[in-house]
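Reviewing the structure listed below.
Both counts, for ligands and for their atoms, begin at 1 and track the order of listing.
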Amino acid sequence: MNTQPSESRKQRSARRAGEFPPPPEPLAVPVFDSHTHLDITVHEAGVPGGGDDPVEALITAAAKSGVDRLVQVGVDVASSRWGAELAARHPSVLATVALHPNEAPTLADLDEALREIETLAAEPRVRGLGETGLDTFRTGEAGRPAQEHSFRAHIAIAKRYGKPLIIHDRDAHEDVLRVLDSEGAPESVVLHCFSGDAEFAAECVRRGYLLSFAGTVTFASAGELRAAAALTPPEQLLVETDAPYLTPVPHRGRPNASYLIPVTVRALAEVTGRDLDTLCAAISANGERVFGPWR
Ligand SMILES: [Zn+2]
């Protein structure tokens, strides 16, 4: 993805930059953002405070909030390559690479794109395959065979390289488990933006998967999600932004960024009845175990 904004995009960024929420109180114990899209954030929303290097500014803003490490997630070949290059030169960033489940069915040559993802997957600071998975909300019947083919291919690549699998699951819980069972799951599986109920969470926990909770856990309507978070053991719990999307309450409608992780992790501490600092330490340790080391 092109990181040199055109004049019009620059102007748009400057305009939208003012919409970023104010920074929250920093965390005492650092934590990491398990799922962010820096490229899309810069493209869609610009950067808090503007500046010449918007990606660096987002990473610096996150560090000031106590979010000192990030996982940059790919959604197509271009964004995966961009993330891999950023991770290769930035000590706070690791990358994951994939074709998004809504992207895969639109590609003219899916298998060629999968070969490019596999090449990137070999790089040392690419530490996962994702986001891949199934989405029956945005992809209709016609695209589902290609979507599942792509998901299966990402699982196989994750296993070949011994790297975690980061799953996007939208309205497809049972099918995600069916495909994982038929392929055999990689050692580390992360359900990004976990969206199931307590029963599905319990099944994922039983299988040893990690559940990554986003700003959605703060939404008033998210009772089931909070129940899911409450039963997730700390060693299987992650926190993420999915920035620029899924901005937590009370900032909904404004762009999200990793510096807002404290809002979501404080909500998780409350929901799970755990001490905030202990929870942050556990999440950090999970990150180093599953994706790390960063440095
Ligand atoms: Zn995402």
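Taking the Zn ion (ligand 1) as reference, E131 places its N/O/S atom OE2 nearest.
The NE2 atom of H35, the Zn ion (ligand 1) and the OD1 atom of D242 define an angle of 100° (nearest 10 degrees).
Looking at R254 and E19, no side-chain N of the basic residue comes within less than 4.0 Å of a carboxylate O on the acidic one, giving no salt bridge. Salt bridge status for R207 with E203: present, with a side-chain N to carboxylate O gap under 4.0 Å.
Shown here is E270, whose CD atom has no more than 12 heavy atoms of other residues, nucleotides or ligands within 6.0 Å. For CD of E187, the number of neighbouring non-hydrogen atoms (other residues, nucleotides, ligands) closer than 6.0 Å is 12 at most.
Among the backbone and side-chain atoms of H37, an N/O/S atom is found under 2.8 Å from the Zn ion (ligand 1).
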